[in-house]
Amino acid sequence: QVQLVASGGGSVQAGESLRLSCAASGDTYKNFCLGWFRQVPGKEREGVAAIFTGAAATDRDIYYADSVKGRFTVSRYNANNTLSLQMNNLKPEDTAMYYCAAGRFLCVADTAFREYEYNYWGQGIQVTVSS
C-alpha cells in the first residue's frame with residue numbers, strides 16, 4: 001500500500017508561483033509512475049505532469065500537459081520520498097483542485113495521464129489564481 005499526503009497550494013495572483021508537495025509512505029516506489037492531476041468543478045480531471053521512477057528513468061521520462069509546459073516542473077522522489085510540482089507564472093485557468101497520484105506502471109507519453117492506471121491518490125489541494 002502507498003499513502004499519499006499532499007500539501008501546499010493556496011491563493012495567488014496571476015504571474016505568481018506556488019509549490020505543491022506530495023509525501024509518500026508505504027510500499028517501495030520503484031517503477032512507479034507519479035502524477036499530478038487537476039479538476040475544475042463540472043469538468044473531467046486532467047493530467048498535468050507525470051514522472052517515472054524506474055531505475056533506468058531519465059529526464060525524458062517526464063511528461064507535461066501542453067497547457068503547463070514551460071511553467072510547471074515536476075520533481076522526482078528525493079530522500080524524503082516527496083513528489084513536488086513547482087508552478088510558475090500561474091494563470092487564472094490553472095485554478096483547480098490538484099491531486100497527486102501513484103501507479104505501478106511504465107508511464108510513457110501515451111499512458112502517463114490515464115487515470116485508471118493510478119492506484120493511489122492523495123487528497124485534493126486547492127489552487128486559486130486571481131487575475
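Remember, it's a predicted structure, so these values are computed and weren't measured experimentally.
Using a 4.5 Å heavy-atom threshold, the side chains of F72 and W36 count as separate. Using a 4.5 Å heavy-atom threshold, the side chains of M87 and Y98 count as touching.
Checked by atom type and distance alone, the side chain of T53 never pairs as donor or acceptor with a backbone atom of R76 at under 3.5 Å. When atom types are taken as modelled, the side chain of Q123 and the backbone of V5 share no donor-acceptor pair closer than 3.5 angstrom. Y118 contributes a side-chain N or O that, together with a main-chain N or O of A112, makes up a donor-acceptor pair within less than 3.5 Å.
Smallest separation of non-hydrogen atoms from G35 and L83: O-CD2, 4.1 Å. The shortest non-hydrogen separation linking N89 to S17 is N-OG, 4.1 Å. Taking all atoms of both residues into account, the shortest heavy-atom contact from C107 to T111 is CA-OG1, 3.3 Å. When all heavy atoms are compared, the tightest approach of Q39 to R45 is NE2-N, 3.7 Å. In terms of heavy-atom proximity, A49 sits nearest to Y64 at CB-CD2, 3.7 Å. The two residues P92 and S131 make their nearest non-hydrogen contact at CG-CB, 3.8 Å.
Here Q86 contributes atom CD and S21 contributes atom OG; the two are 9.0 Å apart, rounded to the nearest 0.5 Å. Between R19 atom CZ and T73 atom OG1 the span is 9.0 Å, to the nearest 0.5 Å. How far CD of Q126 is from OG of S11: 7.5 Å, rounded to the nearest 0.5 Å. Separating the CG atom in L4 from the SG atom in C100 is a distance of 4.5 Å, to the nearest 0.5 Å. Considering CD1 of I51 and CG of D61, their distance stands at 8.5 Å, rounded to 0.5 Å. Between the CG atom of L106 and the SG atom of C33 there is a distance of 8.0 Å, given to the nearest 0.5 Å.
The residue from W121, Y99, Y116 that alone fulfils the ring pair (Phe, Tyr, Trp, His ring centres under 6.0 Å) condition with F37 is W121.
Salt-bridge annotation for D94 and K91: absent, with no side-chain N of the basic residue lying under 4.0 Å from a carboxylate O of the acidic one.
Residue E44 qualifies as open at atom CD: its count of foreign heavy atoms under 6.0 Å is 12 or below.
The cluster map of Ile, Leu, Val, Met, Phe, Trp and Tyr, joined by side-chain heavy atoms under 4.5 Å apart, puts M97 and V40 in different clusters.
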- [ ] Would you sort out whether T95 and R38 count as a side-chain contact (heavy atoms from CB on, under 4.5 Å), showing the intermediate values?
- [x] CA-CA 9 Å; T95 296; R38 65 187 182 187; over 6 Å; no
